**Student:** 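Here you go, one structure.
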Amino acid sequence: METLSTINFLMAALFVACYCYQAVFAVVRLLKKHRVFTAQKLCRYAVLIAARNESAVIAQLLESIRGQDYPQELLDVYLVADNCTDDTAAIAASCGARVFERQNKEQVGKGYALRFLLEKIKETYPEERYDGYFVFDADNLLDPHYVTEMNKVFSNGNQVVTGYRNTKNFGDNWITAGYGLWFLRESEYLNRPRDYLGTSCSVSGTGFLFAQDLLDELGGWEYFLLTEDLEFTADLVSRGVKIAYCGTAVAYDEQPTSFKQSIVQRSRWVKGYLQVVAKRGGSMTRRMLSEGSFGCFDMLMCTIPAVVITVISLVLNGIMLVVGVTSARQELGVFFMSLAMSAVNSYATMYLMGAMTLATEWKNIRCSKGKKIAYSFTFPFFVFSFGIAMLVAVFGNIEWKPIKHSVALSIGDMGSVSPQELRKFRKNRKL
């Protein structure tokens with residue numbers, strides 16, 4: 001069973017080699033390094049929302065948009081009711097959104113819905129001209145200062161900006177808390193250091209802004225893989241376009257509560273990562289080698305190694321277990337000792353990663369103190385369960401499926417809004 005110890009050592013060494021640069025990111029975050037912006041102008045924006053059967057939550061998102069402290073005359077909201085069978089469209093229209101309905105069972109997914117919506121805006125409202133477009137999911141909620149803060153970064157010449165992603169149902173269970181810490185870490189321990197160090201950030205699903213001029217350069221929205229956000233990021237990085245970060249623009253979203261639904265969602269992410277590597281990996285590699293692009297290296301490291309090394313490690317450990325049981329039973333103790341040591345080291349690493357995020361983002365997490373502490377210990381298990389998702393993604397048949405949202409909270413329920421702001425928010429909501 002010495003072979004197993006060697007395998008696990010090599011896998012761990014590969015992980016360290018691929019991700020040791022993120023230790024520098026952590027130092028940057030702990031030193032509280034970030035860029036500060038002052039708005040150069042008030043830009044005009046369109047908000048894009050792709051929604052499929054989101055009648056339970058869409059009104060709360062639209063209310064939080066209308067509660068922004070940014071001039072409302074500079075914000076137009078557009079929603080595509082994508083293959084809906086409920087009254088999402090009617091609710092959105094009653095809340096002041098410009099709504100288009102789409103029925104297409106062949107081209108399924110958020111990427112297709114966004115292209116449809118952008119084309120409809122251009123066709124139906126040719127007189128409208130926007131500086132940029134926000135992209136939100138129907139389950140999002142926006143802090144009242146969200147657009148104002150994003151505008152500060154965008155108006156300083158950044159063509160793409162992503163914000164701070166928080167979770168509105170963090171305290172539901174260990175799964176939602178796992179998602180919450182995962183996205184907070186991505187925001188503050190990856191995107192914030194990237195932005196400060198002058199490399200590109202990564203768009204994470206929702207809560208981002210891109211320029212009309214960039215859309216024109218790209219020839220429209222052409223991102224349709226299972227993870228259209230990562231495909232968008234990979235294409236921009238391979239073109240040398242930097243994505244900026246705005247840590248003061250806070251958006252909340254809802255996370256799955258069931259383990260099965262979580263595995264389904266994350267297996268789609270992993271499958272999408274593999275699709276992005278197959279389609280965009282070549283262009284990122286060429287730019288990395290020809291121009292020394294650290295952004296391309298960073299994006300490649302965040303997609304390839306985690307999937308490949310984890311799957312290889314799981315498969316090889318499984319094979320060695322079978323070998324041990326069938327032909328080397330006297331060495332099973334060595335096998336389990338090696339496996340236990342690997343598990344302990346991995347748990348400690350993941351716990352430290354989650355605990356650091358919890359400590360620095362403590363005040364921003366909407367959850368009791370007891371749950372915060374308890375879920376810091378379950379965070380490693382959430383990360384480990386990505387291994388199941390990876391196996392499902394590699395060996396299963398993965399298709400895009402909608403995630404049901406039902407946490408109908410308002411931005412006032414998040415507790416991040418002062419009484420004065422909440423009164424202003426409610427006043428604006430009625431306008």
Side-chain angles (χ1 to χ4, degrees), residues 39 41-52 54-82 84 86-101 114 117-118 120-121 124-125 128-152 154-155 161 163-166 168 206-210 246 248-254 366 405-431:
K41 65 174 183 177
L42 295 178
C43 298
R44 189 158 185 259
Y45 299 111
V47 174
L48 309 178
I49 305 168
R52 181 169 181 175
E54 299 284 11
S55 59
V57 296
I58 188 60
Q60 287 75 25
L61 167 61
L62 296 174
E63 288 170 357
S64 73
I65 294 172
R66 290 308 176 201
Q68 293 293 298
D69 61 6
Y70 197 77
Q72 286 295 308
E73 64 272 15
L74 299 179
L75 282 176
D76 290 332
V77 181
Y78 297 90
L79 180 141
V80 51
D82 187 34
C84 286
D86 66 358
D87 56 351
T88 295
I91 294 173
S94 69
C95 292
R98 297 174 176 178
V99 179
F100 298 97
E101 297 189 57
L114 287 176
L117 186 54
L118 285 164
K120 281 295 184 181
I121 293 172
T124 311
Y125 300 97
E128 302 284 18
R129 178 69 185 181
Y130 300 103
D131 295 297
Y133 298 90
F134 284 98
V135 178
F136 299 116
D137 288 342
D139 61 298
N140 292 163
L141 291 174
L142 309 183
D143 179 88
H145 311 299
Y146 184 92
V147 176
T148 296
E149 295 302 311
M150 291 286 276
N151 181 71
K152 291 178 182 178
F154 182 81
S155 65
V161 187
Y164 183 98
R165 187 172 180 180
N166 209 335
K168 65 183 182 182
T206 184
F208 64 97
L209 165 65
F210 62 88
C246 181
T248 53
V250 182
Y252 300 84
D253 65 350
E254 178 183 342
R366 308 305 158 196
H405 298 117
S406 58
V407 181
L409 299 175
S410 70
I411 189 62
D413 295 321
M414 294 298 97
S416 59
V417 184
S418 70
Q420 294 81 6
E421 289 175 325
L422 186 57
R423 284 194 294 271
K424 181 179 178 181
F425 169 79
R426 288 170 174 166
K427 180 180 178 181
N428 291 343
R429 191 174 65 178
K430 296 176 181 178
L431 297 180

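Just so it is clear, the structure is predicted and the values come from calculations on it, not from any experiment. Computation of the quantities below employed the complete heavy-atom set of this structure, encompassing side-chain atoms and omitting hydrogens, waters and symmetry-equivalent molecules.
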**Student:** If you compare all heavy atoms of G132 against all heavy atoms of L209, which two are closest, and at what distance to 0.1 Å?
**Tutor:** C-CD1, 4.0 Å
**Student:** Distance-only, no hydrogens or angles: does the Q72 side chain make a donor-acceptor pair with backbone N or O of I65 under 3.5 Å?
**Tutor:** yes
**Student:** Could you pull out all residues at least two apart from A90 that satisfy side chain to side chain contact (heavy atoms under 4.5 Å, CB included)?
**Tutor:** D87
**Student:** Do the side chain of R44 and the main chain of R129 share a donor and acceptor less than 3.5 angstrom apart?
**Tutor:** yes
**Student:** Considering non-hydrogen atoms only, spot the tightest contact between L61 and A138 and give its length.
**Tutor:** CB-O, 3.7 Å
**Student:** Looking at residues at least two apart in the chain, or sitting in another chain, which of them share a side chain to side chain contact (heavy atoms under 4.5 Å, CB included) with D139?
**Tutor:** V57, D137, K168, D253, E254, H405
**Student:** Starting at CZ of R98, measure out to CG of L117 and round the result to the nearest 0.5 Å.
**Tutor:** 11.5 Å
**Student:** Going by ring pair (Phe, Tyr, Trp, His ring centres under 6.0 Å), name the residues that satisfy it together with F100, two or more places apart in sequence or in a different chain.
**Tutor:** none
**Student:** Can you name the nearest heavy-atom pair linking A92 to L62, along with the distance?
**Tutor:** CA-CD1, 3.6 Å
**Student:** List for me each residue that meets salt bridge (Lys or Arg N to Asp or Glu O under 4.0 Å) alongside E101, sequence neighbours excluded, and say none if there are none.
**Tutor:** none
**Student:** Check side-chain hydrogen bond (donor to acceptor under 3.5 Å, both in side chains) between K120 and all other residues, then give those that pass, not counting sequence neighbours.
**Tutor:** none
**Student:** With rounding to the nearest 0.5 angstrom, report the CG to CG distance, N140 to N166.
**Tutor:** 11.5 Å
**Student:** Where do V99 and A93 come nearest, in terms of heavy atoms and distance?
**Tutor:** CG2-N, 3.7 Å
**Student:** Rounded to the nearest 0.5 Å, what separation is found between the CG atom of L74 and the CD atom of Q68?
**Tutor:** 12.5 Å
**Student:** Just jot down the side-chain hydrogen bond (donor to acceptor under 3.5 Å, both in side chains) partners of Y130, sequence neighbours excluded, or say none.
**Tutor:** D76, Y78
**Student:** How long is the span from the CZ atom in F134 to the CD1 atom in I49, to the nearest 0.5 Å?
**Tutor:** 12.0 Å
**Student:** Going by side chain to side chain contact (heavy atoms under 4.5 Å, CB included), name the residues that satisfy it together with D86, two or more places apart in sequence or in a different chain.
**Tutor:** N53, S55, C84, T88
**Student:** Carefully, step by step, assess E54 and I91 under the rule side-chain contact (heavy atoms from CB on, under 4.5 Å).
**Tutor:** CA-CA 10 Å; E54 299 284 11; I91 294 173; over 6 Å; no
**Student:** Do T248 and K152 have side chains that approach each other closer than 4.5 Å (heavy atoms only, starting at C-beta)?
**Tutor:** no
**Student:** Short question: side chain of N151, backbone of C43 - any donor-acceptor pair under 3.5 Å?
**Tutor:** yes
**Student:** Do V147 and V47 have side chains that approach each other closer than 4.5 Å (heavy atoms only, starting at C-beta)?
**Tutor:** no
**Student:** Does F210 reach the side chain of L48, with side-chain heavy atoms less than 4.5 Å apart?
**Tutor:** yes
**Student:** Specify the closest pair of heavy atoms between S155 and A39, including all atoms of both residues, with the distance to one decimal.
**Tutor:** OG-CA, 3.5 Å
**Student:** Which residues satisfy the side-chain hydrogen bond (donor to acceptor under 3.5 Å, both in side chains) test with T148, sequence neighbours excluded?
**Tutor:** D69
**Student:** Please report the closest heavy-atom contact between L79 and A81, naming both atoms and the distance.
**Tutor:** CD2-N, 3.6 Å
**Student:** If I take atom OH from residue Y252 and atom OH from residue Y164, how far apart are they, to the nearest 0.5 angstrom?
**Tutor:** 8.0 Å
**Student:** Under the rule for side chain to side chain contact (heavy atoms under 4.5 Å, CB included), what residues qualify as partners of A249, not counting sequence neighbours?
**Tutor:** Y146, E149, M150, C246
